[in-house]
A.B. asks: 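Right, I'll just put the structure down here and ask away after.
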Amino acid sequence: QVQLVESGGGLVQAGGSLRLSCAAVGRPLTNDYMGWFRQAPGKEREFVAAISWSGGYTYYGDSVKGRFIISRNNARNTVYLQMNSLTPEDTAVYYCAADEHYRGRYYIPNEYEYWGQGTQVTVSS
């Protein structure tokens with residue numbers, strides 16, 4: 001088993017930036033596809049970004065493409081989400097997730113076996 005711990009959330013003004021981190025405890029993330037999802041009150045969990053084992057392939061949801069960047073440092077056992085040009089619509093709880101046997105559906109929450117507790121991101125106008 002692996003435990004995922006998100007950090008870096010907080011309050012930020014519209015137009016600002018924030019960097020989220022996801023640290024793994026228990027085993028390395030080297031062989032895992034990693035994803036970020038978010039969920040706002042009253043809304044479904046939304047795909048944000050995903051990254052392959054080596055970091056060579058990245059994928060983004062349409063709402064964040066061009067603004068967010070996902071990356072990973074396997075030596076540090078950590079995944080990052082750099083969020084730029086934030087708007088109030090980005091306000092949500094952000095979750096880190098790990099998929100230890102990738103099957104090509106990186107955008108579906110149920111494909112991921114492990115989830116962090118989430119970190120709150122609030123963007124003010």
Side-chain angles (χ1 to χ4, degrees):
Q1 279 257 26
V2 60
Q3 291 182 313
L4 305 177
V5 182
E6 302 98 335
S7 62
L11 302 172
V12 64
Q13 276 195 300
S17 297
L18 211 57
R19 190 192 194 200
L20 306 183
S21 297
C22 173
V25 179
R27 65 166 176 83
L29 296 174
T30 305
N31 296 322
D32 295 58
Y33 253 73
M34 300 297 298
W36 286 96
F37 292 79
R38 67 186 184 185
Q39 189 164 22
K43 296 185 177 181
E44 295 181 346
R45 189 162 296 190
E46 177 188 13
F47 169 72
V48 175
I51 188 167
S52 63
W53 303 349
S54 65
Y57 296 89
T58 58
Y59 310 89
Y60 297 93
D62 289 340
S63 63
V64 306
K65 193 173 299 182
R67 298 188 297 123
F68 290 10
I69 301 172
I70 187 171
S71 62
R72 67 191 298 167
N73 188 328
N74 290 335
R76 294 180 58 87
N77 216 27
T78 303
V79 181
Y80 306 95
L81 183 69
Q82 178 67 45
M83 305 184 294
N84 301 313
S85 301
L86 287 163
T87 73
E89 287 69 42
D90 294 314
T91 295
V93 177
Y94 283 71
Y95 297 92
C96 175
D99 179 6
E100 63 181 2
H101 31 256
Y102 178 66
R103 293 173 290 192
R105 299 188 294 177
Y106 53 83
Y107 52 90
I108 300 178
N110 288 344
E111 292 294 302
Y112 292 80
E113 289 83 15
Y114 304 100
W115 293 83
Q117 293 296 308
T119 185
Q120 177 70 48
V121 172
T122 302
V123 184
S124 64
S125 59

A.B. asks: We want to know whether Asn73 and Thr78 form a side-chain donor-acceptor pair, criterion being a heavy-atom distance below 3.5 angstrom.
C.D. replies: no
A.B. asks: Any side-chain heavy atom of Val123 within less than 4.5 Å of one from Gln13?
C.D. replies: no
A.B. asks: Nearest 0.5 Å, please: how far is CE in Met34 from CD in Glu100?
C.D. replies: 11.5 Å
A.B. asks: Quick one: OG1 on Thr58 to CZ on Arg72, what's the gap to the nearest 0.5 Å?
C.D. replies: 12.0 Å
A.B. asks: Could you pull out the closest heavy-atom pair between Tyr112 and Gly35, with the gap in Å?
C.D. replies: CE2-N, 3.6 Å
A.B. asks: Quick one: does Ser63's side chain get under 4.5 Å of Glu46's, heavy atoms only?
C.D. replies: yes
A.B. asks: To the nearest 0.5 Å, what is the distance between CG (Asn77) and SG (Cys22)?
C.D. replies: 9.0 Å
A.B. asks: Aromatic contact between Tyr102 and Trp53, with the criterion being ring centroids under 6.0 Å apart: yes or no?
C.D. replies: no
A.B. asks: Does any non-hydrogen side-chain atom of Ile70 lie less than 4.5 Å from one of Tyr80?
C.D. replies: no
A.B. asks: Do Val12 and Val64 land in one hydrophobic cluster if side-chain heavy atoms of ILVMFWY residues count as linked below 4.5 Å?
C.D. replies: yes
A.B. asks: Are Ile51 and Tyr33 co-members of a hydrophobic cluster defined by side-chain heavy atoms under 4.5 Å apart?
C.D. replies: no
A.B. asks: Answer yes or no: is there a side-chain heavy-atom contact under 4.5 Å between Tyr114 and Gln1?
C.D. replies: yes
A.B. asks: Applying the 4.5 Å side-chain criterion to the ILVMFWY set and letting contacts propagate, would Val93 and Trp36 be lumped into a single cluster?
C.D. replies: no
A.B. asks: Could you check whether any side-chain N or O of Arg19 sits under 3.5 Å from a backbone N or O of Gly9, counting only pairs where one atom can act as donor and the other as acceptor?
C.D. replies: no
A.B. asks: Would you say Leu18 ends up clustered with Tyr60 if hydrophobic residues are merged whenever their side chains have heavy atoms under 4.5 Å apart, either directly or through other cluster members?
C.D. replies: yes
A.B. asks: Can you tell me if CD on Gln117 sees more than 12 non-hydrogen neighbours from other groups inside 6.0 Å?
C.D. replies: no
A.B. asks: Under 4.5 Å between any side-chain heavy atoms of Arg27 and Asp32, yes or no?
C.D. replies: yes
A.B. asks: What is the minimum heavy-atom distance between Ser125 and Ala14, and which atoms define it?
C.D. replies: CA-CB, 4.4 Å
A.B. asks: Of Glu6, Gln120, Arg38, which meets side-chain hydrogen bond (donor to acceptor under 3.5 Å, both in side chains) against Tyr94?
C.D. replies: Arg38
A.B. asks: Count I, L, V, M, F, W, Y as connected when their side-chain heavy atoms are under 4.5 Å apart, and connections chain through other members. Are Tyr95 and Tyr107 then in the same cluster?
C.D. replies: yes
A.B. asks: For a side chain to side chain contact (heavy atoms under 4.5 Å, CB included) check, start with the C-alpha distance between Leu81 and Val48, then their side-chain angles and the critical distance, and finish with the verdict.
C.D. replies: CA-CA 9 Å; Leu81 183 69; Val48 175; 4.1 Å; yes
A.B. asks: Check whether any side-chain heavy atom of Ser17 sits under 4.5 Å from a side-chain heavy atom of Gln82, and report yes or no.
C.D. replies: yes
A.B. asks: Are the side chains of Gln39 and Glu44 in touch, meaning some heavy atoms are under 4.5 Å apart?
C.D. replies: no
A.B. asks: Where the side chain of Thr91 meets the backbone of Thr122, is there a donor-acceptor pair that is under 3.5 Å apart?
C.D. replies: no
A.B. asks: Could you report the tightest heavy-atom contact between Ala92 and Ala40, atom names first, then the distance?
C.D. replies: CB-N, 3.9 Å
A.B. asks: How about Leu29 and Leu4: do any of their side-chain heavy atoms sit closer than 4.5 Å?
C.D. replies: yes
A.B. asks: Using distance alone, with no hydrogens and no angle criterion, decide if Asn74 and Arg76 have a side-chain donor and acceptor under 3.5 Å apart.
C.D. replies: no
A.B. asks: So, Asn84 side chain and Phe68 main chain: donor-acceptor pair closer than 3.5 Å or not?
C.D. replies: no
A.B. asks: Apply side chain to side chain contact (heavy atoms under 4.5 Å, CB included) to residues Asp90 and Met83 and explain how you reach the verdict.
C.D. replies: CA-CA 9 Å; Asp90 294 314; Met83 305 184 294; over 6 Å; no
A.B. asks: Would you please indicate if the ring centroids of Tyr106 and Phe47 are separated by under 6.0 Å?
C.D. replies: yes
